[in-house]
Amino acid sequence: MPLPDRVALPDDRALAAARAFRDHMRKRHSIRDFRPDRVPREVIEACIETAGSAPSGANRQPWHFVAIADQAAKVRIRAAAEAEERAFYAGGGGDEWLRALEPIGTGAAKPHLEIAPWLIVVFAERHGVAPDGTRIKNYYVPESVGIATGFLIAALHHAGLSTLTHTPNPMKFLNALCDRPDNEKPVMILAAGRAAENATVPAAAKVKKPLGEILTLRDG
């Protein structure tokens with residue numbers, strides 16, 4: 001089919017748009033202090049629709065998002081996640097990993113999992129299942145889900161919401177709590193909502209590598 005949308009810009013407008021988006025995304029901060037205020041489900045749905053527009057291997061779209069506002073469900077997820085986190089911080093994560101987390105100041109307590117108005121659990125579909133039960137191969141699943149999750153975080157930020165990625169290890173408990181099949185692997189919990197008035201971020205987390213360390217240009 002012909003290209004349905006064309007958003008090409010002249011060079012000057014492209015540069016202005018790129019810099020404006022860069023500056024907007026630099027205002028994105030991972031927070032742990034959320035306001036419990038309601039966020040309309042329509043906002044979350046629109047952001048997840050954005051995630052669903054991401055490119056994927058063979059267009060298999062190997063992802064599923066479970067958006068949770070039910071307080072009882074959030075309480076159960078927090079309890080299960082903290083059980084895994086206590087084991088991790090008690091030594092299960094290994095000394096090197098725990099030392100790397102020290103500047104961030106994280107710990108086993110995860111109250112934001114109850115306070116944030118929405119938890120979005122991201123699942124990666126290891127393989128699809130046809131209506132007759134036949135297994136359908138998916139391609140580049142981690143890469144595809146990673147791209148879609150990036151779209152989702154950007155969309156939530158664009159909607160004025162703050163987020164925090166959370167990856168308890170192991171995460172298998174999320175299949176049962178979210179009623180998802182075994183062919184799906186939980187990838188992360190994304191807490192989403194508005195930042196509390198007293199929200200803080202670890203200073204160490206805002207130290208980003210300069211462009212010269214993350215970019216190699218070969219432009220002739």
Side-chain angles (χ1 to χ4, degrees), residues 20-40 43-44 46-48 50-51 54 63 65-69 73-75 77-82 84-86 88-89 93-94 96-124 142-143 145-171 174 178 185-211 213-214:
F21 187 71
R22 173 202 63 194
D23 293 344
H24 180 64
M25 291 306 294
R26 281 177 171 171
K27 296 176 182 177
R28 188 214 63 79
H29 306 292
S30 296
I31 66 162
R32 290 166 175 78
D33 309 298
F34 290 90
R35 287 163 49 183
D37 308 18
R38 175 183 174 273
V39 172
V43 174
I44 302 301
C47 291
I48 292 175
T50 297
W63 46 63
F65 304 91
V66 178
I68 301 165
K74 291 192 294 180
V75 169
I77 288 175
R78 178 188 177 182
E82 286 186 341
E84 301 295 353
E85 291 291 291
R86 284 192 293 271
F88 175 87
Y89 283 97
E96 184 176 2
W97 195 349
L98 293 173
R99 283 195 301 271
L101 289 172
E102 285 177 1
I104 308 299
T106 58
K110 307 295 179 185
H112 62 272
L113 294 176
E114 287 186 30
I115 297 171
W118 287 95
L119 300 181
I120 303 172
V121 185
V122 182
F123 287 87
E143 296 86 348
V145 175
I147 294 169
T149 302
F151 272 39
L152 176 56
I153 292 171
L156 291 164
H157 176 61
H158 189 65
L161 301 179
S162 297
T163 56
L164 181 67
T165 57
H166 178 51
T167 52
N169 185 29
M171 290 190 282
L174 288 166
C178 296
K185 177 183 178 181
V187 174
M188 74 173 59
I189 304 169
L190 188 64
R194 297 183 176 92
E197 294 299 323
N198 62 344
T200 62
V201 297
K206 301 317 298 177
V207 179
K208 303 300 183 184
K209 293 180 180 180
L211 184 63
E213 290 188 19
I214 65 171

Go through the steps for L152 and T163 under the test side-chain contact (heavy atoms from CB on, under 4.5 Å), then give the verdict. CA-CA 10 Å; L152 176 56; T163 56; over 6 Å; no

Correct closest heavy-atom pair for A199 and D33 would be CA-OD2, 3.5 Å

S30 and L164: which non-hydrogen atoms are nearest, and at how many Å? CB-CD1, 3.9 Å

Can you tell me how far the OG1 atom of T149 sits from the CG atom of L190, to the nearest 0.5 Å? 8.0 Å

For R78, salt bridge (charged side-chain N to carboxylate O under 4.0 Å, His left out) partners two or more places apart: E82, E114

Check: R38 main-chain N/O paired with R194 side-chain donor or acceptor under 3.5 Å: yes

Run the salt bridge (charged side-chain N to carboxylate O under 4.0 Å, His left out) test against K74 and tell me which residues pass, sequence neighbours left out. none

Derivation and outcome, side-chain contact (heavy atoms from CB on, under 4.5 Å), residues I44 and L156: CA-CA 8 Å; I44 302 301; L156 291 164; 4.1 Å; yes

Could you report the tightest heavy-atom contact between F151 and T50, atom names first, then the distance? CD2-O, 3.5 Å

Taking it one step at a time, do I77 and L119 satisfy side-chain contact (heavy atoms from CB on, under 4.5 Å)? CA-CA 9 Å; I77 288 175; L119 300 181; 4.2 Å; yes

Can you tell me how far apart NE2 (H157) and CZ (R26) are? Round to the nearest 0.5 Å. 12.0 Å

Minimum heavy-atom separation for H166 to A81, with atom names? NE2-CB, 3.9 Å

Keeping W118 on the side-chain end and V39 on the backbone end, is there a donor-acceptor pair under 3.5 Å? yes

Do you know the tightest heavy-atom contact between F123 and L174? CZ-O, 3.7 Å

According to the interplanar angle, ranging from 0 to 90°, do the rings of F34 and H112 count as parallel (below 30°), tilted (30 to 60°) or perpendicular (above 60°)? tilted

Going by heavy atoms in the side chains, are H158 and H24 under 4.5 Å from each other? yes

Would you say that P202 contacts R32 through its side chain, given a criterion of any heavy-atom pair below 4.5 Å between the two side chains? yes

With sequence neighbours excluded, residues passing salt bridge (charged side-chain N to carboxylate O under 4.0 Å, His left out) with R35: D37

Heavy-atom count check: over 12 atoms from other residues, nucleotides or ligands less than 6.0 Å from E213 CD? yes

Could you go through the side-chain contact (heavy atoms from CB on, under 4.5 Å) check for I153 and T165 one step at a time? CA-CA 9 Å; I153 292 171; T165 57; 4.0 Å; yes

Is a side-chain N or O of H29 found less than 3.5 angstrom from the main chain of K206, in a donor-acceptor match? no

Shortest non-hydrogen separation from W63 to A148 and the atoms involved: CE3-CB, 3.5 Å

Point-to-point distance, once rounded to the nearest 0.5 Å, from CE of M171 to CD of E84: 10.0 Å

